[in-house]
Amino acid sequence: MDAFLHEQMMDEMRIIKCAPHPKRWLKFANDHALVWQTVPFRTGGAVAVPQHGGFYCFVVANKVVQLPLVLFPLYAGETDNLRRRYGDYLREKESDAGRWHVRKFLKAFWGEVEFVYALMDTDLAERRRIELDLNDALMPPYSKRDFSAGVKKKKGAWQQ
């Protein structure tokens, strides 16, 4: 493949379709008093993440000091062990058996993506309910399920 086509292909992998909904974000924040922490997503970075249940989101941000900080949520989820889940994604990034959409954003944004997490030790049913609210609020492009029915339908209409 020639250099131009390779560069074009790499640029296309970085396209993020998002639909900011500040009202949804605010409602989520008001309904769920979560305290978010951020760690770089890197090999060996799992040690900075606690072994507790909670929620996570992969984000990519512009870090250009001359520009306002803008975060783009890529993928969000819930887990009973944040550190283990962090490690799962490191392994999935390198696995041929990994989900293609997850491998795509982890590889396209490697070195730039951050793992944002909030602790909440609760039962699985409650975490899953809150996960739907989180995904509805953020509409991360690489999350494929875990949305309420109404948001999933809207998201599916434009975010393939």
Side-chain angles (χ1 to χ4, degrees), residues 6-7 9-21 24-25 28-29 31-64 69-148 151-152 155-156 158-160:
H6 180 73
E7 184 177 346
M9 183 179 70
M10 296 308 292
D11 285 348
E12 287 177 6
M13 282 183 58
R14 297 177 63 86
I15 293 171
I16 302 170
K17 292 181 179 180
C18 63
H21 281 275
R24 280 192 200 149
W25 301 342
F28 179 84
D31 289 350
H32 310 287
L34 299 173
V35 177
W36 295 90
Q37 304 290 321
T38 302
V39 297
F41 187 71
R42 311 283 184 274
T43 303
V47 296
V49 180
Q51 294 185 29
H52 294 282
F55 305 94
Y56 60 91
C57 183
F58 287 95
V59 299
V60 67
N62 73 322
K63 298 276 179 136
V64 180
L69 179 64
V70 177
L71 300 173
F72 295 95
L74 300 174
Y75 186 91
E78 62 79 24
T79 184
D80 62 348
N81 186 318
L82 289 157
R83 182 181 298 173
R84 187 189 71 238
R85 197 68 181 118
Y86 185 107
D88 291 345
Y89 282 99
L90 285 172
R91 286 183 293 281
E92 186 166 9
K93 175 186 170 279
E94 300 305 327
S95 170
D96 290 342
R99 295 167 291 174
W100 70 268
H101 62 286
V102 171
R103 292 180 66 216
K104 178 182 173 183
F105 82 77
L106 291 176
K107 287 183 178 280
F109 296 102
W110 182 250
E112 301 167 273
V113 71
E114 296 183 339
F115 187 81
V116 181
Y117 67 89
L119 302 177
M120 180 180 259
D121 284 321
T122 187
D123 64 58
L124 177 60
E126 179 69 3
R127 279 197 323 272
R128 291 229 169 124
R129 187 187 64 72
I130 295 170
E131 179 187 29
L132 287 178
D133 292 346
L134 175 62
N135 276 302
D136 284 359
L138 298 177
M139 289 182 69
Y142 292 96
S143 291
K144 299 299 183 190
R145 42 185 194 155
D146 303 323
F147 295 92
S148 67
V151 170
K152 189 172 193 171
K155 182 181 182 292
W158 63 270
Q159 197 179 58
Q160 299 296 331

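The structure displayed is predicted, hence computed values, not measured ones.
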Check: Nearest 0.5 Å, what's the CZ-CZ distance between Phe109 and Phe72?
Finding: 9.0 Å

Next item on the list: May I ask you to check whether Phe41 and Phe58 place their ring centers less than 6.0 Å from one another?
Entry: yes

Next item on the list: Compare all side-chain heavy atoms of Arg103 with those of Asp96 and state whether any distance is below 4.5 angstrom.
Entry: yes

Check: Can you tell me how far CG of Leu138 sits from CG of Leu74, rounded to the nearest 0.5 angstrom?
Finding: 10.5 Å

Notebook entry, point to check: Could you give the distance from CZ (Arg24) to CG (Asp133), rounded to the nearest 0.5 Å?
Noted result: 11.0 Å

Check: Which pair of non-hydrogen atoms, one from Leu69 and one from Ala61, has the smallest distance, and what is that distance?
Finding: CD1-CB, 3.9 Å

Next item on the list: Assess whether side chain to side chain contact (heavy atoms under 4.5 Å, CB included) is satisfied between Leu124 and Glu78, documenting all intermediate values.
Entry: CA-CA 9 Å; Leu124 177 60; Glu78 62 79 24; 3.7 Å; yes

Next item on the list: Please report the closest heavy-atom contact between Lys104 and Met13, naming both atoms and the distance.
Entry: CE-O, 3.8 Å

Checklist line | Shortest non-hydrogen contact from Ala76 toward Asn135 | finding: CB-OD1, 3.6 Å

Checklist line | Exercise: identify the closest heavy-atom pair between Leu90 and Thr43 | finding: CD2-N, 4.1 Å

Next item on the list: Please say which of Tyr89, Tyr75, Tyr86 ends up in a side-chain hydrogen bond (donor to acceptor under 3.5 Å, both in side chains) with Tyr56.
Entry: Tyr89

Item checked: Contact check, side chains of Arg99 and Lys144, non-hydrogen atoms, under 4.5 Å -> no

Notebook entry, point to check: Which value, rounded to the nearest 0.5 Å, describes the distance between Leu34 atom CG and Met120 atom CE?
Noted result: 5.0 Å

Notebook entry, point to check: Do the non-hydrogen side-chain atoms of Val60 and Ile16 ever get within less than 4.5 Å of each other?
Noted result: yes

Checklist line | Sidechain-backbone polar pair: Asp121 side chain, Gly53 backbone, donor-acceptor under 3.5 Å | finding: yes

Margin query: Would you say CZ of Arg128 has more than 12 non-hydrogen atoms from neighbouring residues, nucleotides or ligands within 6.0 angstrom?
Written below: no

Next item on the list: Decide yes or no for Ile130 and Phe28: does some side-chain heavy atom of the first lie under 4.5 Å from some side-chain heavy atom of the second?
Entry: yes

Notebook entry, point to check: Minimum heavy-atom separation for Gln51 to Asn81, with atom names?
Noted result: CA-OD1, 3.6 Å

Next item on the list: Spell out, as yes or no, whether a donor-acceptor pair under 3.5 Å connects the side chain of Trp25 to the backbone of Ala137.
Entry: yes

Note to self: Per the side chain to side chain donor-acceptor pair (under 3.5 Å) rule, what does the pair list look like for residues 105-117, sequence neighbours excluded?
What the structure shows: Arg14-Glu112, Lys63-Glu114

Next item on the list: Find the distance between OG1 (Thr79) and CD (Glu131) and round it off to the nearest 0.5 Å.
Entry: 10.0 Å

Check: Shortest non-hydrogen contact from Thr122 to Arg127?
Finding: O-NH1, 2.8 Å

Margin query: Working to the nearest 0.5 angstrom, can you tell me the gap between Ser143 OG and Asp136 CG?
Written below: 10.5 Å

